[in-house]
Amino acid sequence: MRVHLGRVDAVLVQALIAAALSFAHLHDVAMAAGQDGWKAWAYPISVDLLLVAAWRRLRSGTTKAAAWCWFVIALVASLGANVATAGLLDLDDVPAWLRILVAGWPAVAFLGGTLLAHSAPKTDTDDIGAEVIEDQEYEPEATPAPPVQPTIEALPERPPVPVPAALVDHARKVAAEHRTRTGTPIDTPTLRARLGVPAPMAEAIAAQLA
(Lines give C-alpha, C1' and ligand atoms only; values in the text may rest on other atoms or scores of the structure.)
Protein backbone atom coordinates (compact mmCIF):
# COMPACT_ATOMS: atom_id res chain seq x y z
CA MET A 1 0.00 0.00 0.00
CA ARG A 2 2.84 2.41 0.86
CA VAL A 3 4.63 1.57 -2.38
CA HIS A 4 1.48 2.34 -4.36
CA LEU A 5 1.03 5.66 -2.52
CA GLY A 6 4.66 6.51 -3.17
CA ARG A 7 4.21 5.95 -6.91
CA VAL A 8 1.08 8.05 -6.98
CA ASP A 9 2.77 10.85 -5.05
CA ALA A 10 5.73 10.83 -7.44
CA VAL A 11 3.44 11.09 -10.44
CA LEU A 12 1.54 13.96 -8.86
CA VAL A 13 4.74 15.81 -8.01
CA GLN A 14 6.00 15.33 -11.57
CA ALA A 15 2.69 16.60 -12.97
CA LEU A 16 2.78 19.65 -10.71
CA ILE A 17 6.33 20.48 -11.75
CA ALA A 18 5.51 20.15 -15.47
CA ALA A 19 2.36 22.23 -15.06
CA ALA A 20 4.24 24.97 -13.20
CA LEU A 21 6.98 25.14 -15.83
CA SER A 22 4.48 25.23 -18.69
CA PHE A 23 2.48 27.88 -16.84
CA ALA A 24 5.58 30.04 -16.44
CA HIS A 25 6.57 29.65 -20.10
CA LEU A 26 3.13 30.66 -21.32
CA HIS A 27 3.17 33.63 -18.98
CA ASP A 28 6.57 34.74 -20.31
CA VAL A 29 5.45 34.46 -23.94
CA ALA A 30 2.28 36.43 -23.21
CA MET A 31 4.31 39.14 -21.47
CA ALA A 32 6.75 39.32 -24.39
CA ALA A 33 3.81 39.62 -26.83
CA GLY A 34 2.53 42.71 -25.02
CA GLN A 35 -0.04 41.11 -22.72
CA ASP A 36 1.04 42.52 -19.39
CA GLY A 37 -0.58 42.50 -15.94
CA TRP A 38 -3.37 40.05 -15.17
CA LYS A 39 -3.74 39.18 -18.86
CA ALA A 40 -0.36 37.46 -18.89
CA TRP A 41 -1.52 35.20 -16.04
CA ALA A 42 -4.84 34.45 -17.75
CA TYR A 43 -3.21 32.99 -20.89
CA PRO A 44 -1.64 29.89 -19.25
CA ILE A 45 -4.85 29.26 -17.30
CA SER A 46 -6.81 29.34 -20.57
CA VAL A 47 -4.46 26.85 -22.24
CA ASP A 48 -4.51 24.46 -19.28
CA LEU A 49 -8.30 24.56 -18.97
CA LEU A 50 -8.67 23.76 -22.66
CA LEU A 51 -6.31 20.81 -22.24
CA VAL A 52 -8.30 19.51 -19.27
CA ALA A 53 -11.66 19.92 -21.06
CA ALA A 54 -10.39 18.06 -24.14
CA TRP A 55 -8.89 15.29 -22.01
CA ARG A 56 -12.14 14.81 -20.09
CA ARG A 57 -14.07 14.54 -23.36
CA LEU A 58 -11.56 11.96 -24.64
CA ARG A 59 -12.13 9.82 -21.53
CA SER A 60 -15.91 10.14 -21.31
CA GLY A 61 -17.28 10.62 -24.82
CA THR A 62 -17.48 8.34 -27.81
CA THR A 63 -17.20 11.09 -30.46
CA LYS A 64 -13.51 11.85 -30.01
CA ALA A 65 -12.66 13.70 -33.23
CA ALA A 66 -13.46 17.17 -31.84
CA ALA A 67 -11.82 16.34 -28.50
CA TRP A 68 -8.59 15.25 -30.23
CA CYS A 69 -8.61 18.42 -32.37
CA TRP A 70 -8.84 20.81 -29.42
CA PHE A 71 -6.42 18.71 -27.36
CA VAL A 72 -3.80 19.00 -30.10
CA ILE A 73 -4.41 22.77 -30.42
CA ALA A 74 -3.92 23.34 -26.68
CA LEU A 75 -0.91 21.00 -26.61
CA VAL A 76 0.74 22.86 -29.51
CA ALA A 77 0.18 26.16 -27.70
CA SER A 78 1.79 24.79 -24.55
CA LEU A 79 4.70 23.13 -26.34
CA GLY A 80 5.21 26.20 -28.52
CA ALA A 81 5.61 28.38 -25.44
CA ASN A 82 8.04 25.90 -23.87
CA VAL A 83 10.18 25.78 -27.02
CA ALA A 84 10.01 29.53 -27.59
CA THR A 85 11.35 30.28 -24.10
CA ALA A 86 14.20 27.77 -24.46
CA GLY A 87 16.39 30.33 -26.25
CA LEU A 88 15.01 29.90 -29.78
CA LEU A 89 13.03 33.13 -29.56
CA ASP A 90 14.22 36.57 -28.58
CA LEU A 91 11.62 37.64 -26.04
CA ASP A 92 12.82 41.23 -26.32
CA ASP A 93 11.99 41.30 -30.04
CA VAL A 94 8.87 39.14 -30.61
CA PRO A 95 7.82 38.75 -34.27
CA ALA A 96 4.51 40.10 -35.45
CA TRP A 97 3.03 36.66 -36.23
CA LEU A 98 3.52 35.57 -32.60
CA ARG A 99 1.81 38.72 -31.36
CA ILE A 100 -1.12 37.90 -33.68
CA LEU A 101 -1.33 34.34 -32.37
CA VAL A 102 -1.25 35.47 -28.75
CA ALA A 103 -3.86 38.14 -29.37
CA GLY A 104 -6.19 35.69 -31.16
CA TRP A 105 -5.83 32.88 -28.62
CA PRO A 106 -8.68 34.00 -26.28
CA ALA A 107 -11.24 33.67 -29.09
CA VAL A 108 -9.88 30.24 -30.06
CA ALA A 109 -9.90 29.03 -26.44
CA PHE A 110 -13.43 30.35 -25.89
CA LEU A 111 -14.70 28.54 -28.99
CA GLY A 112 -13.02 25.27 -28.08
CA GLY A 113 -14.14 25.37 -24.44
CA THR A 114 -17.72 26.16 -25.41
CA LEU A 115 -17.92 23.34 -27.93
CA LEU A 116 -16.41 20.83 -25.52
CA ALA A 117 -18.54 21.87 -22.56
CA HIS A 118 -21.94 22.33 -24.22
CA SER A 119 -22.02 19.52 -26.80
CA ALA A 120 -23.34 16.37 -25.17
CA PRO A 121 -21.23 13.30 -25.99
CA LYS A 122 -22.93 10.39 -27.70
CA THR A 123 -23.23 7.47 -25.29
CA ASP A 124 -24.04 3.80 -25.70
CA THR A 125 -27.53 4.36 -24.29
CA ASP A 126 -28.30 6.66 -27.24
CA ASP A 127 -27.48 3.85 -29.66
CA ILE A 128 -29.67 1.43 -27.70
CA GLY A 129 -32.54 3.95 -27.69
CA ALA A 130 -32.22 4.44 -31.46
CA GLU A 131 -32.32 0.68 -32.05
CA VAL A 132 -35.43 0.35 -29.87
CA ILE A 133 -37.15 3.14 -31.81
CA GLU A 134 -36.29 1.48 -35.14
CA ASP A 135 -37.64 -1.84 -33.90
CA GLN A 136 -40.85 -0.16 -32.82
CA GLU A 137 -41.22 1.58 -36.18
CA TYR A 138 -40.94 -1.67 -38.15
CA GLU A 139 -42.91 -3.81 -35.73
CA PRO A 140 -45.90 -5.35 -37.56
CA GLU A 141 -49.29 -4.36 -36.34
CA ALA A 142 -51.02 -6.97 -34.26
CA THR A 143 -54.31 -8.32 -35.60
CA PRO A 144 -57.09 -7.29 -33.22
CA ALA A 145 -58.82 -10.18 -31.53
CA PRO A 146 -62.50 -10.68 -32.41
CA PRO A 147 -64.88 -9.31 -29.80
CA VAL A 148 -66.12 -11.82 -27.31
CA GLN A 149 -69.81 -12.40 -27.70
CA PRO A 150 -71.61 -12.42 -24.38
CA THR A 151 -73.19 -15.74 -23.56
CA ILE A 152 -76.94 -15.64 -23.06
CA GLU A 153 -78.04 -17.94 -20.32
CA ALA A 154 -81.22 -19.87 -21.00
CA LEU A 155 -84.10 -18.66 -18.92
CA PRO A 156 -85.65 -21.29 -16.71
CA GLU A 157 -88.89 -22.69 -18.06
CA ARG A 158 -91.99 -21.36 -16.41
CA PRO A 159 -93.81 -24.09 -14.50
CA PRO A 160 -97.24 -24.92 -15.92
CA VAL A 161 -100.16 -23.12 -14.32
CA PRO A 162 -102.80 -25.52 -13.03
CA VAL A 163 -106.17 -24.87 -14.65
CA PRO A 164 -109.39 -26.40 -13.38
CA ALA A 165 -111.23 -28.53 -15.90
CA ALA A 166 -114.44 -26.61 -15.35
CA LEU A 167 -112.70 -23.38 -16.22
CA VAL A 168 -111.36 -24.94 -19.40
CA ASP A 169 -114.87 -26.05 -20.41
CA HIS A 170 -116.20 -22.57 -19.74
CA ALA A 171 -113.38 -21.10 -21.82
CA ARG A 172 -114.31 -23.42 -24.70
CA LYS A 173 -117.83 -22.07 -24.65
CA VAL A 174 -116.59 -18.48 -24.58
CA ALA A 175 -114.24 -19.19 -27.49
CA ALA A 176 -117.00 -20.88 -29.50
CA GLU A 177 -119.32 -17.95 -28.89
CA HIS A 178 -116.61 -15.51 -29.96
CA ARG A 179 -115.96 -17.47 -33.19
CA THR A 180 -119.68 -17.59 -34.00
CA ARG A 181 -120.05 -13.87 -33.40
CA THR A 182 -116.87 -12.60 -35.05
CA GLY A 183 -115.81 -15.43 -37.32
CA THR A 184 -112.24 -15.42 -35.91
CA PRO A 185 -110.66 -17.41 -33.08
CA ILE A 186 -110.47 -15.65 -29.75
CA ASP A 187 -107.09 -14.24 -28.75
CA THR A 188 -105.44 -14.51 -25.35
CA PRO A 189 -106.06 -10.89 -24.14
CA THR A 190 -109.75 -11.15 -25.04
CA LEU A 191 -110.02 -14.54 -23.36
CA ARG A 192 -108.39 -13.14 -20.25
CA ALA A 193 -110.79 -10.21 -20.19
CA ARG A 194 -113.85 -12.45 -20.63
CA LEU A 195 -112.75 -14.92 -17.95
CA GLY A 196 -111.24 -12.42 -15.55
CA VAL A 197 -108.15 -14.56 -14.82
CA PRO A 198 -104.42 -13.65 -14.56
CA ALA A 199 -102.25 -13.58 -17.67
CA PRO A 200 -100.34 -16.85 -16.96
CA MET A 201 -103.62 -18.75 -16.46
CA ALA A 202 -105.12 -17.18 -19.59
CA GLU A 203 -102.06 -18.32 -21.59
CA ALA A 204 -102.39 -21.85 -20.18
CA ILE A 205 -106.08 -21.97 -21.07
CA ALA A 206 -105.38 -20.64 -24.59
CA ALA A 207 -102.76 -23.38 -25.05
CA GLN A 208 -105.33 -26.04 -24.22
CA LEU A 209 -107.89 -24.53 -26.54
CA ALA A 210 -105.50 -24.49 -29.53
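Just so you know, these numbers come straight off a predicted model, no measurement behind them.
Contact detail for Pro185 and Arg179: the closest heavy-atom pair is CB-NH2, 3.3 Å. Nearest heavy-atom pair, Leu75 versus Leu51, reported as atom, atom and distance to 0.1 Å: N-CD2, 3.7 Å. Among all heavy-atom pairs drawn from Ala74 and Val47, the shortest one is O-CG1, 3.6 Å. What you find for Ala30 and Val102 is that their closest heavy atoms are CA-CG1, 4.4 Å. Taking every heavy atom of both residues into account, Gly34 and Arg99 meet most closely at N-NH1, 4.0 Å.
Residue Phe110 holds its CZ atom at 9.5 Å from CG of Leu115, rounded to the nearest 0.5 Å. Considering CZ of Arg181 and CD1 of Ile186, their distance stands at 8.0 Å, rounded to 0.5 Å. The distance from the CG atom of Leu58 to the CH2 atom of Trp70 is 13.5 Å, given to the nearest 0.5 Å. A distance of 11.5 Å separates CG in Leu49 from CG in Leu116, rounded to the nearest 0.5 Å.
Checked by atom type and distance alone, the side chain of Thr182 pairs as donor or acceptor with a backbone atom of His178 at under 3.5 Å.
Under the 4.5 Å side-chain heavy-atom criterion for Ile, Leu, Val, Met, Phe, Trp and Tyr, Leu111 and Val108 are members of the same hydrophobic cluster.
For residues 15-34, the set of pairs meeting the salt bridge (Lys or Arg N to Asp or Glu O under 4.0 Å) definition, not counting sequence neighbours, is empty. Each side-chain hydrogen bond (donor to acceptor under 3.5 Å, both in side chains) pair with one or both residues in residues 34-44, not counting sequence neighbours, would appear here, but there are none.
When each of Trp105, Phe71, Trp55 is checked for a side-chain contact (heavy atoms from CB on, under 4.5 Å) with Leu50, only Trp105 meets the rule.
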Side chain to side chain contact (heavy atoms under 4.5 Å, CB included) between Val29 and Leu98, worked out: CA-CA 9 Å; Val29 171; Leu98 183 57; 4.3 Å; yes

